[in-house]
Amino acid sequence: MKDLLEEYRYDEEFIYEGLRLDLSYYLKRLMEEKGITKKELAKRMGVSPAYVTKIFSGSNISLKTVAKVLSALEVDARLVLDKREVKEKI
């Protein structure tokens with residue numbers, strides 16, 4: 001499994017799926033920490049609860065939509081990209 005992860009580490013689809021899952025996880029966690037339901041979030045965003053469900057289903061959402069969610073949650077956010085270490089193969 002470790003070899004497989006290393007093989008696909010820089011594959012764009014692998015990176016995309018990881019980012020999508022991370023984003024969904026952290027947004028849900030923020031909602032839980034603030035005690036906000038999907039229905040309440042939809043109300044704050046001015047959208048339908050079905051749209052919020054779509055956001056959290058992992059659909060391809062824009063950064064503008066992410067910003068709208070963070071604004072509704074009253075969360076300061078920034079993007080941090082980690083530099084990956086390149087390991088030599090022996």
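FYI, side chains are in, hydrogens and waters are out, and symmetry mates aren't considered; it's all heavy atoms of this structure.
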Flag yes if more than 12 heavy atoms outside [X] fall under 6.0 Å of its [atom1] atom; otherwise flag no.
X: L63; atom1: CG; result: no
X: Y26; atom1: OH; result: no
X: E33; atom1: CD; result: yes

Please report the closest heavy-atom contact between [X] and [Y], naming both atoms and the distance.
X: K34; Y: L73; value: CE-O, 2.9 Å
X: D11; Y: E13; value: OD2-N, 3.1 Å
X: M31; Y: K38; value: CE-N, 3.6 Å

Under 3.5 Å: donor-acceptor pair, side chain of S57, backbone of K54: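 Looks like yes, one N/O pair under 3.5 Å.
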Side chain to side chain, I61 and L23, heavy atoms closer than 4.5 Å: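 Of all side-chain heavy-atom pairs linking L23 with I61, at least one is under 4.5 Å.
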Calculate, to the nearest 0.5 Å, the distance between atoms [atom1] and [atom2] belonging to [X] and [Y] respectively.
X: S62; Y: I55; atom1: OG; atom2: CD1; answer: 8.5 Å
X: K43; Y: T37; atom1: NZ; atom2: OG1; answer: 10.0 Å
X: Y51; Y: K68; atom1: OH; atom2: NZ; answer: 7.0 Å

Salt bridge flag under 4.0 Å for residues E32 and R29: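 Salt bridge: no.
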side-chain contact (heavy atoms from CB on, under 4.5 Å) assessment of L70 paired with L27: CA-CA 8 Å; L70 294 173; L27 291 177; 3.7 Å; yes
Joint cluster assignment, V75 & L41, ILVMFWY side-chain distance < 4.5 Å: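 In one cluster with V75: L41, yes.
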